[in-house]
Structures are given as C-alpha cells and as structure tokens.
Amino acid sequence: MTSSMSNLVKILEGFNPFVEEIDEKEVKITISSDKVVAVLETLKSNGYSHLSLMTCIDWIDDNQLELVYILFSWKNGGKFLVSTRIDRNDPKFVTVKELWPVARFYEREIHEFFGVEFEGNDDMKPLFLELWDEKPPLRKDFDPRDYSRKKFPDRKYEKDVIKEAKIFRGEING
Amino acid sequence: MAMSTLLVSLVATSVVMYFISKASWKIGAILNFLIGIFLISYVFALSTGTTSELGTLFGQKLQLIWTNASYYFSLVSLLVIVSVMLFAIKWLDSQKYPAAFNMFLLMMTAGSLGVFMAADLITLYIFWEIAVLSSMLIVPMGKKESRKAAVVYAVMSASGTYMYLYGAFLAFQRYGTLNISEIAKHMVSDPSTGIKATIFLLLASAGIAKSGIFPLHTWLRIAHGNAPDAFSAVLSGQLVKLGSYVLMVSVAALPSLKIFSNIPFYSGIPATNYFLIALGATSIIIGTLMAIKQDDMKMLIAFSSVANGGYILIGIGTMDPIGFEGGVLHVFNHALAAAVIFMAFASVVYRTHTKKISELGGLIHKMPITFLAYLFAIISLAGIPPMSGFISKWMIYQALVRKGMFITAFIAFFGSIGSFLYVFRPLAGVFLGQLPKKYKDVKEVSPIMWLPMVILVTISLIIGIWPFPILKPIEGMRMDFGIAPTMKIADSSHWLIKGFAGNWNPVLVFNLFLIGFVIAYILYTLFPRPKKVDLLAPHKKEGAPINIYTGGEFIYNPDLYQYNTKFYAGFERMYEKHPSWEKLLEMLAKFFYDLGEWVHGWFFRPSPSAYTFWVTLTILIVFWVRW
Amino acid sequence: MVAAYKALFNLVLGFFLVLSLEGVGRKITARVQRRIGPPWYQNFIDVFKALSKHPFSNGWVFDFGVLMALGGAMATAMIVPMGSTTWTPFPNSDNFFVIMYLFAVGALGMAMGMVGSGNPWASIGVSRALTQMLGYELPYLIVISSTIFYYKTASIHKLVELQKNGWNLLVMPLGGIIAFISLMGMLGKKPFDISTAPAEIASGPMTELSGKYLGLLHIMHVFAMFVEVSLFVDVFLGGGNLGWYLVKFIVVWVLAVLISSVLPRFRIEQMLKFYWGVPLGLAFLNALFVLLGWTL
Amino acid sequence: MKERTIWEQIADSFRSRSIWMLHYCTGCGAMELPPTMTARFDMERFGITPMATPRQADIMLITGYLNTKTLRRVIYTYEQMADPKYVVGFGSCTINGGIYFDSYSTINRLDYYIPVDVYIAGCMPRPEAILEAFNYLMEKIRKGEADGWKRYKENYDWYKQNQIRSLGEVYVHDEFHE
C-alpha cells in the first residue's frame, strides 16, 4: 500500500471498512451496502475517477451476492476494489450512473447475468443475451449443462467395440 | 401573321390570360400550352430573311428579322417553354399564384421571341427587359427565400443590361445606327481598337450576366435554387440561353475575328475573345467544384448551368468553325437536359416536398419514369454518347485541341469529368439506394407531368443519333456569320460529322451500342435466372430485415442504410476552405450598407436640434449660392 | 460486312487475351510473393463458375445497369483498332474522344446498377471510383491532346500510321510515362485500387454482385482493360501488325502487374494529390514542349 | 442421387477448381488461415481466394465455436450466399461443441442448423489438414456429392425448426438493430 493510499484509507475509516491489501497498489475495501455510494464519492473526489469495472459474484452458500467496483487512479496508478454484499433472494441496489455514466451498461450486464435490480436505472433492456428465457445464467444455481442439453442437441456416438478392436489390431485403417 | 403583330398580340394575350386564369387556372394553362404549340408551328413556317417593323422610337426604326440564328434559338426556347407549359397544367395545383404564373410565362415567351427576332440593339433591349422583368416576377412565387432571390436576380441582370445599353448608345453615337449588321460593317472599318473593344465588352456583359459567367454568376444559384420548381427549368433551359444569344451576337454577328484582327493573342484568337474564354473557363471551374459539393439538388444543377454556360462561351469564343458549331449546339443540349432535370426535380419536390438530397433516396421504386427521364438527361448533360450532349462537347474539344489551347482544354476536360461526379450525386442520393420510411406512400407523378420530360429526352436521343436536322440551321448560321464558309462539318449523306482530326459516325456508334447491349442481353438470359431480393421488404412487412450485405448484422431500418450525405467527402475535404466570390460580394454589400448607415446617422439624428441645424445650414447654403 | 467480322474478332481476341493475361498476372504476382500461384487459365474458370451460379437480383435497375455496362464496354471494344489499319473495324469512327466517352457509358451503367443495389458500400465505392476518374483522366487527356495536336489527327489508326518512323513514346517520352501512370489508375491496379478495396469497403461497387452478375461485370472489366491497354499500345507504342501488337500488349500488361504487385494502396485524397501534382505538371510541360516543337 | 446433366457436370468441375471463400472468423481457427493463404502453403494455387461479401462467396468457413448470437449471423449470412454454396466446419467445436460442450451459449453441433459439407477435426486443425479438407471438398464438388445447399432447400422446415428450437427466433429485434 503506498502512502497516498494509506492516507485515503485513513479518511475512509469513518465508514467502518474492512481493508485488505492485495499488493503494492491494490487495496480491497469491504463495507456494508448502505455506505457504498458515500465511499465511492469520496474515492472519486480523491483521484480515483476511473471506474474500470463493476461486477458481481454469487456466494450461493452465504446466500449473498457480492458487488465489486474497481476504481483506478490515473495519477498514481492505484486501484481500489470496493466490495459489498447484498441479499441474494431479493437482490436490489442503488445505481451509480450519476457518478459514472458508463455504469449504466455495467448495471445492465449485471442485471442480465445475476438478476440484480438497480434502483434509479430504468434502462434494463437485455444487453448481451438475445431472447434469453431462463434464470440469470451466471448464478450458481443455474445448470448450464442441463440447459445446453435441453436447447442444443448433442451428437450421439454409438460405441462400436468390434470396429475399435479391429483398428487396435491394425486390421482396418481408422 | 407578321412577326411584329405576333409579338404585340402575344403580350396583349398574356394580360388577357391573367383574367382567364383567375377564373380557372386550368383552362389558362391549357390555353397557354395551345398557344405554345401554335408558336412552334409558326416558327417552322417562317422563312429566313423575313423582316418586319415594330414602329419607331426616337427616330429609330424598331426592326425585326428572321435569320437562321433566330430560328434555332426560338426553336430551342419554345421546346423548353412548351414542355414546361404542359408540365404546369398539373403541377400548378401546388402553387399559390397560378394565374400570375400563366400570365408572366406567356409574357416571357413573347419577350424572348422578340430578343431572337430583333434586328437592332434597341429592339433587343426592349424585349430583353420584357423577358427579364416578367421572369423576375415569377421567381418570388416560390419559397420564403425567393424574395431575396428575385432581388439578386434583378440587380445582377440590371447591371448587365445597363452596361449593354451603354454599349448600344456608344455604338449609336459613333456609327449613327443601331442595326446590328450595319454596326458590324462600321466596326470592321473603324480604326480605333479601344472604342471597339469597349463596345464589344459592354454588349457582351449583358450576355455574361444572363448566362451566369464568372463575375456575375452568383444569381444563378440563388434564383434557380429558390424559384418555383418548374420555372427553374425555364430559367436554366431557356432564359440563360438569352445570354448565350447575346454573347453570340456580340462575338459572331459582330465578326470579332475581323474587327480585332490587329490584336491577336494566341493561335489567331483576339485578346477580347480570349478574355471571354478565360471568363468561361473560370466559370467551368467554379461551377463544377461548387456543384460537386451541393446538397440542395436544384442548386447543384444551377451551378452546373454556370459550368455549361462556360462551355458555350468557350465554344463560341474560339470562332473556330467546329468550336462555334459545338458551342451553339451545346445551347440546345444543355437547354433540353437542364429542362428535363429541373422538371424531374420539380416532380420529386411535388411528391416529397423537399429538395435536399440527404433527405431523399430510393425513389426509383416509386417514380421509375421520372428516374428514367433524369437518367437520360444526365447522360446528355455529362456528354456521353449516344445522347446529343456528346456531340457538342466533342466539337468543342476538337476546336480546343486544334488551336493548341491546352489549359482551356484541361479545364474543359475537368468540367466534363467533374460533371460525371455532380450529376451522379442526385442520381444516387435521390433515386437509387434505400427508400426512407417516410416516403412509403409516394406515387409516380401523373402522365401530364412525365410526358414533357419523356418527349424532350426522346428528342435529345434522336438528335444524338441523327444530329443533322439540328446541325443544318447551325451550319446556316455559321455561313451567315462568315466563319470558314467553305468548310462542311455535317455530312449527312455519309452519316459523318467531320472534325479537323478524324470523323465519327453517330449512327454507327449507336448501332454498336445496341449490338453490345443485345449480346449482353443474350449472355444474360443464357445463365440461371436470378432470385429477386426485394429492397422494399422492410416497408412491406413489419420486422423484415434488409436483405443485403450488412456485415452479418440484421438491420430493419432502411433510413440507416442510405449513403447520400457528403457523397464525395474525400474530394470535398480537399477544397473546404476555398475563396468565395459570393462572400466577397457580400462583404462589399456590407460595406456599402455600413456607409449608408453612417451617412444616415449624420443626417437623420433623432434629436430636433440636429434637424434644425441641417435645415438652417441648407437654407444658408442655398441663399449663399443664390446670391 | 468485313467490318462486322473484324469487330467480332476484336471481341473474341479481347476476351481470351485479357482473361488469360489476368491469370498470368496472378501467377506473376504469386511468383513475386514467392508463391506458386494459380494456373494461367484460372480466370476462365472463375468467370464461368460465376456465370453458372444462381444469383440474386436487386431490382430492375440492377439488371439494367449490368447490361448497360457490358453493352457499353463491348461497343467500345468493337471500335478500338488493334495496332494497324488492317485490324481497324471502323476507320471512320475510331476517334479518340469517341472511344473515351463511349467507354463512360459502361462506367455509368456499372455505377448506376451498383448503387441501385441499395448498399452503402457500393455507393462509397462508386463515389471513390468517380473521384479517382477525376484524378487519372486529367493528365492522360492532356497528354493525348498534345499528341493529337502534334500529329494533327485524333483518329487512332492514323496515329498508328504516322508512327511508322518512330514511336510516339520516343517522340514525347515524358508524355508516355505519364500516360502509363494514368493507365495504372485506369486499370485499377494496386496503388490505385481504392474503389474496390475489399478489406475496407467490402469490394466496393461489387458488394452485392452474385453469380452471373459478377461474371458479366468481370467480362465488362476485361473489355475495359482491353480498350485501355490497346489505346496505350496504339497511341504510344505505334501499334504494328497483329503479332507485334500482341507482344507490346503483353509487355505493357506485365509491366503494370509487376509494379502493382509490390505496392500498397493509396488513400483517396492522396491519390488525387498524387495525380494532380507531378504527373499533371509534367503533362503540361509536355504540352509546352509540343507547342514549342521541342520533341525528340 | 439424381443423375446430373452434362451442363451440371461441367459446371461442377468449374466450381471445384474455383472456390471463393467467406471466412466467417468466429473462433481461434481463423489463426490457421493466414499461413494457409500465404507463401508457405499457398491456397491460391488451387483457385481458392478470399472474398469480402457473402454474395460472391462459394464456401463459408466456420472457424471455431459458435455461440447462439453468432449462429444467428451465420444463418443470415448463409442464406445470403448464392447457390451452390458449401460449408466447412473447423475444429471440434463445430463437430460436438469441443471444450464448450456444456456452455449455456455455445451450440454443440453445426449440422443441426445448417448443412455442413466437410468437417475438419482437430483443436485446431493445422494448415495441412485444412488443405487436405479442401482437396476432399473439391473432389466432392466435382463428383456432385457436395449437395448441402440442396439439402438445405429440401429440408428447409426441419432446419428452421431446429434453429428456432435453439435460438427462439433467428432474427432479433432490439435497440441495436432498429
């Protein structure tokens, strides 16, 4: 953690974060979901103005979804991973599109793949999947193999033991 | 009927026509058309050399004479006017002032016929003014901006006419006559080159203003672009040709080769003519470059009229037998082509109410006949065989190469290839490509509107294959003006047109083209039949994608897939920051306006004391001068 | 009647000559790039295969444009003299400007049909092709004008006769070189293949062509190239009897292919600036030399 | 199989010697094409040339895995190609899904949706294998056995039904296409 980043972490102490240092320039901050926007605002005003990525992780055992905002600073190259957990059964969160307009698309994507609703962002049309008709596919309880079997018929291979044996013995050319 | 009676009665009829049209404009328009037909038959019946007298003015007889030139120019004008009259029978229902349109159109016809018949300069001037004023009153019937267009038109026209009038009076003062042929005789024997050149250039300046040659070309864009749509056809197809006529009178009827034989400039061409040729060449460059970048289709063809006016001037200005015939024939070709193009555009505007190329597209599916008329007209305008436009351009090139005028030839080639570019822009942007959704229900115009276009195009095609009927009066004209009277260019018995460097046979070339087409068609039918891909599928069925190459994407909206904005972007970018004559004139106008404001500010102070001061001062000066 | 047979011979020879030369050109390019390359008759196979396919048509203007293009190109190819008066089908109509402008019928037909397919790539390609025409035609026409001024005739077979004592290329070498540069643009060879750039605009005007349309347009292109190279051979290399004419034709062709196989592509305004720079200036210089009588 | 007329035989032999390909570069297989085309292996000596648009092309190369989104474009592009047209499937992904066999978005076999004339096994096939496959395809075309385009026409309903089963609908309407 560089000194500027540790200064910033000190500023953020009021939000009661759980800080993990990942490496020299990368820090993960885990906070409760109601303080996320305030933390993001603080970080943005302190130079972490670039929202590199916004993504989601499904913790099916904890019955929680984890939202991660990765912020990057063009001044010192530091990276903050702001993470929070929300309820998996009723996934709802606030939009950050006022802070970063590009977040619209990340939120659409997360809505599409995890089913998280973002309050304040009404534009939740599907972005990548065309004509999707199942539960959000990146949730852990979605079975892609089952879906694939149902939708995309597989090739049937019939095992011909005698032919394989003949090939093995070199009688015919396979 | 004598010519003078005809002209006077035509002017009178036009006033009567106003009241008839006031009752029913349709009857007026039909009567107009019938009068036009009568005029054509009248023109055919007149024999060359017929004279007539209109009256006397200030002791000068106003004379009319029927020559080969009058025959040719009247015929071209009447062809254009009569087809527009036919066109107007249906088109006028989209106009606000049909009665006035009918009246002024007829009056303008009378005026232009009078110009072509005039034997002396003052008669020419009178009829010229009739034609110009009546056409000037039609121009503001168009859109909002057309008021300004009329003013610009009037001012430009007036600046040319007054110079002409000054030249006419100068000639009268020196030679004591206004008759053109007598002035020509006097001028040949006149030793003073300065006066002759002044008269020559003053007379020619009316033609320069009218046919839109370089320094006075700015009105064409504004007037043609904003006039009522069908009237643009008359403006470009016929009125501009009045200018070409005056140019021809000042260059050829007053034999400039003989008059200015003491100041040869290059390859036997006198400096005065060369000056005109340089102006013509400048117009070609300006017209072509500006036309290529226009988005407004009417302004595009207006600029092309500037360029083609330059061709006519170059052809006539060389005073070479082939060049002269080419220039005069170009009058015919450009008149027909421009008239058809403007009528086609009028039809498009009639149906779609826009003249911006970038808002249109794909109209071929809806207006195929208009498209075909436009297609053949641009083939003629771009000078591609077998249409007649090629013949005149070919003749002009022959003259330029023969005289060794390579820079002028270069400009002529540039204009010719540039014309492919600018005529293709409306073809691609308006008629071809994808049909925008808002023009789903557009229909073809009625036969009354497409018939005149088809007739003119057919005439142009026939003349392109068999040009001898139209070359005959032109050769007669050349004999009248005494330009190489022994040389014969059109050889109709061998189907040849003879240039100085090789001949060509239009009939043969057309037949070869037909044979090529037939072979191509046979090849076409030999191989598997095509499956039709319907470009209009997204219009017909909701949700049908466009079935053309889209890089693997499905697009449902044809508006997105129409390429017509900035068609020649790569080329246009090269001369974005060009100097503009129009802007210079505007700056000049602004300067005079400011000067006026300044003077106005001095003399019209809002306070009463200033008024009192000026009044007192004036009275004092008056008294001081008195005593 | 003899003229008709000669014209037919023009068509047949033009078709077989240029199509096989195109194959040879592909072979040469392949050898330059150290490949083996297709056989010389590959283009015949390509054309006949294209003709045998079941095509798509985008409406009547598309069909009409293709027919007009092929018809115009054939008419031009029928007029073009092949090296001598004996092989001139129509001695009265082989005027240079007639050939040049008759040629434009084909170009216009192609442009119209292709834009009629409603594809924006085709429109862009046509816009580029027309702009390119403005580039290469101007120096070419100036050089040809000075040639016509020098020999006092525009009739091609007479020009050939007048070059009996020395090729025009040797009379005005500057003009010959510039005409060759323009010829490269006309043929659409490598530095100047802006209008059909397959990687940028999906082969430009040809985007929507399928099956026999592609085949017919290829044949039109063959005749166009036949006319262009023939004009160069007749006007600058002095034609000659049929054998010499063929030799000269092949030499010019191979030279153009060799140059094109090692060059990348221009951008459109670079191309215009190139043509309107040195070649146009030299063309005027050449015209000045001709005017002053300073020819070799 | 129906007997071919003499014209069809001639046409087929022309078709086999001049193959214009549309390489629909969906997956990693596209990497194998540049060496196949350039000086090392030189595809052009068999008359095989790349073409830019589906209208001009004869064969379509599906070079790798296909997800549902791409499959829509492939079907659309395939239907735009002029008859006769052939399809070559590259690599195991097109044969049975390859390593993507259980993906929720990647199809498992290509010939269920459009007719495939030649499959090239491998992950990825090397240029030698590709040239071998092209030779095999040329042989098939010459004999008139490469009749995938006919099968597509005859069994159009079956293919459409399969496509709709997997894709829901072939052409989608959304904000990016209107």
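The sequence lines fix the lettering, A, B, ..., with proteins before strands; numbering per chain opens at 1.
For chain B, the nearby part of C:L291 is the side chain; its heavy atoms alone come within less than 4.5 Å. Neither the backbone nor the side chain of C:F96 comes within contact range of chain B; no heavy atoms are under 4.5 Å apart. Within the 4.5 angstrom heavy-atom criterion, atoms from both the backbone and the side chain of C:A111 approach chain B. With a 4.5 angstrom heavy-atom cutoff, C:L280 touches chain B only via side-chain atoms. For chain B, the nearby part of C:S117 is the backbone; its heavy atoms alone come within less than 4.5 Å. Contacts between C:K152 and chain B at a heavy-atom distance below 4.5 Å involve backbone atoms as well as side-chain atoms. Contacts between C:S52 and chain B at a heavy-atom distance below 4.5 Å involve the backbone alone (N, CA, C, O). Within the 4.5 angstrom heavy-atom criterion, no atom of C:Y151 approaches chain B. Of the atoms belonging to C:M100, not a single heavy atom falls under 4.5 Å from chain B. Contacts between C:L216 and chain B at a heavy-atom distance below 4.5 Å involve the side chain alone, from C-beta outward. In this structure, chain B has a heavy atom under 4.5 Å from the side chain of C:I268, while its backbone stays farther away. For chain B, the nearby parts of C:I124 are the backbone and the side chain; heavy atoms of each come within less than 4.5 Å.
Expressed to the nearest 0.5 Å, how far CD1 of B:I417 lies from OH of B:Y422 amounts to 12.0 Å. The CZ atom of B:F371 sits 5.0 Å away from the CE atom of C:M112 when rounded to the nearest 0.5 Å.
Nearest heavy atoms, C:F56 versus B:P530: C-CB, 4.3 Å.
The ring-ring contact (aromatic ring centres under 6.0 Å, His included) test applied to B:Y521 returns no partner, not counting sequence neighbours.
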